Number of protein chains: 2
Amino acid sequence: MLSIGDLSKRTGVKVPTIRYYEQMGLLTAAERSEGNQRRYERHDLERLAFIRHARDLGLDISAIRELIALSQHPHQPCGNVDRIASDHLKSVRDKIEKLKKLEQELERIVSHCDGDHAIEDCYVIRSLSDHGLCDGEH
Amino acid sequence: MLSIGDLSKRTGVKVPTIRYYEQMGLLTAAERSEGNQRRYERHDLERLAFIRHARDLGLDISAIRELIALSQHPHQPCGNVDRIASDHLKSVRDKIEKLKKLEQELERIVSHCDGDHAIEDCYVIRSLSDHGLCDGEH
DNA sequence: TAGATATCTCCAGAGACTATAGGTTTGGAG
DNA sequence: CTCCAAACCTATAGTCTCTGGAGATATCTA
Ligand SMILES: [Zn+2]
Ligand SMILES: [Zn+2]
Ligand SMILES: [Zn+2]
Ligand SMILES: [Zn+2]
């Protein structure tokens, strides 16, 4: 039986975050000691590791909730699991695309400024004032 | 003299957002009509466009606040302006790097799942349970 | 058994908005 | 000029994923 602090040390997830995951329904409410403190078992450790890893991979709480629910039905086909992961991959790719466009604009903007002239002539300020100087949309 | 709705239509910034920018100190508090409604001039239109464009480029509110403050001193050198833009470019690049790593892991994970087997055997679920299957860190 | 540490619940804050409720002003039609 | 709908006002709460604090209680160690 682990206290919440033990669980925290073993998974690297902060104590308030563990309580938050419980509140969000990702962790089932833990058993309690006589004095009302949470007590965990290996099972909970594994689930918390799952949650943490999924979060590290960028999945949001509701996606993780779905995945946990699906994994409770081990004999069903994994189509929905696949869909959640694929959707997430797509959203990561979309974000990368957007950020690359930003990177290009910012590179252009920064490259025109040597940081050593008057602000009234600064290309950074002018670029921010006028989207017409940009190459693309954002 | 423009109403807040006019300003909104011309810049594409929603009315509550304009009020929010005022509250955050990005827009100086507008003049008011006799009945206490905000009235704007061209000057405000330009500043709002600046703010919007900076936000579209991903700068956060406090960076924009600094940029506005700096642009009030047009004869000073633009070193700080340059620094803000460069720092932001760096943070965009860092984000791209992180997302690319995620993309790789997710690609690997998704590619091992055809969406058509039992959840208990699903590689997606196994990968989420075990970071050891990942190639890198996140 | 005292004191130190850990835990409990509840609440607020971060960032950048967005939306609602309940009340007031404005602008145009009749 | 009067009336009404549309636009506006303020204040507050909700979004998302935590994180930190206050004040009270429990547990562990010496
Ligand atoms: Zn410059
Ligand atoms: Zn632009
Ligand atoms: Zn599968
Ligand atoms: Zn991993």
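Within every chain, numbering begins at 1; the chains are lettered A, B, ... in the order of the sequence lines, protein sequences first and strands thereafter. Everything quoted here is computed from the prediction, not taken from an experiment.
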Using atom names, set out every protein N or O paired with an N or O of nucleotides 10-13 of chain C below 3.5 Å, distance rounded to 0.1 Å.
none

(message) What residues from residues 48-64 of chain B pass a heavy-atom cutoff of under 4.0 Å to DNA chain C?
(response) B:Arg52, B:Arg55, B:Asp60, B:Ile61

(request) Hey, can you tell me if A:Tyr123 and A:His112 have their rings parallel, tilted or perpendicular (30° and 60° cut-offs)? (result) parallel

(request) Sequence neighbours left out, what pairs pass salt bridge (Lys or Arg N to Asp or Glu O under 4.0 Å) with at least one residue falling in residues 125-138 of chain A? (result) A:Arg108-A:Asp135

(request) Taking the side chain as every heavy atom from C-beta outward, state whether A:Leu102 and A:Lys98 have any atom pair closer than 4.5 Å. (result) no

(request) Let me know the distance between NE2 of B:His88 and P of C:dG15, rounded to the nearest Å. (result) 16 Å

(request) Output yes when B:Glu107 and A:Arg93 qualify as a salt bridge under the 4.0 Å nitrogen-oxygen rule, no when they do not. (result) yes

(request) Sort and list the pairs that fulfil side-chain hydrogen bond (donor to acceptor under 3.5 Å, both in side chains) and have at least one residue in residues 65-78 of chain B, not counting sequence neighbours. (result) A:Glu120-B:His75

(message) Holding to ring-ring contact (aromatic ring centres under 6.0 Å, His included), I want the full list of residues that pass it with A:His88, two or more places apart in sequence or in another chain.
(response) none

(request) Please examine the side chains of B:Asp44 and B:Leu2, heavy atoms only from C-beta on, and report whether any two atoms are closer than 4.5 Å. (result) no

(request) Write down the distance between CG (B:Asp6) and P (C:dT26), rounded to a whole number of angstrom. (result) 14 Å

(message) For C:dA16 and B:Tyr21 - does any side-chain N or O of the residue sit under 4.0 Å from the phosphate oxygens OP1/OP2?
(response) no

(request) Please identify each residue that fulfils ring-ring contact (aromatic ring centres under 6.0 Å, His included) with A:Tyr40, with sequence neighbours left out. (result) none

(message) So does B:Ile125 get a backbone contact from the side chain of B:Ser129, meaning a donor-acceptor N/O pair under 3.5 Å?
(response) yes

(request) Could you pull out all residues at least two apart from B:His117 that satisfy ring-ring contact (aromatic ring centres under 6.0 Å, His included)? (result) none

(message) Could you work out, with salt bridge (Lys or Arg N to Asp or Glu O under 4.0 Å) as the rule, every residue matching A:Arg47, not counting sequence neighbours?
(response) none

(message) Below 4.0 Å from chain B heavy atoms, what is the first contacting nucleotide of DNA chain D and what is the last?
(response) D:dC8 to D:dT10

Under 3.5 Å, which donor-acceptor pairs do the side chains of residues 17-30 of chain B form with other protein atoms, sequence neighbours left out?
| unit_1 | atom_1 | unit_2 | atom_2 | d |
| --- | --- | --- | --- | --- |
| B:Tyr21 | OH | B:Arg52 | NH1 | 3.0 |
| B:Glu22 | OE1 | B:Arg38 | NE | 2.8 |

(message) Using whole Å, what does the distance between atom P of nucleotide C:dG15 and atom OH of B:Tyr20 come to?
(response) 8 Å

(request) Return the residues of residues 33-43 of chain A meeting this criterion: a heavy atom under 4.0 Å from some atom of DNA chain C. Order them by number, or give none. (result) A:Asn36, A:Gln37, A:Arg38

(message) B:Asp87: which residues meet the salt bridge (Lys or Arg N to Asp or Glu O under 4.0 Å) condition with it, sequence neighbours left out?
(response) B:Arg83

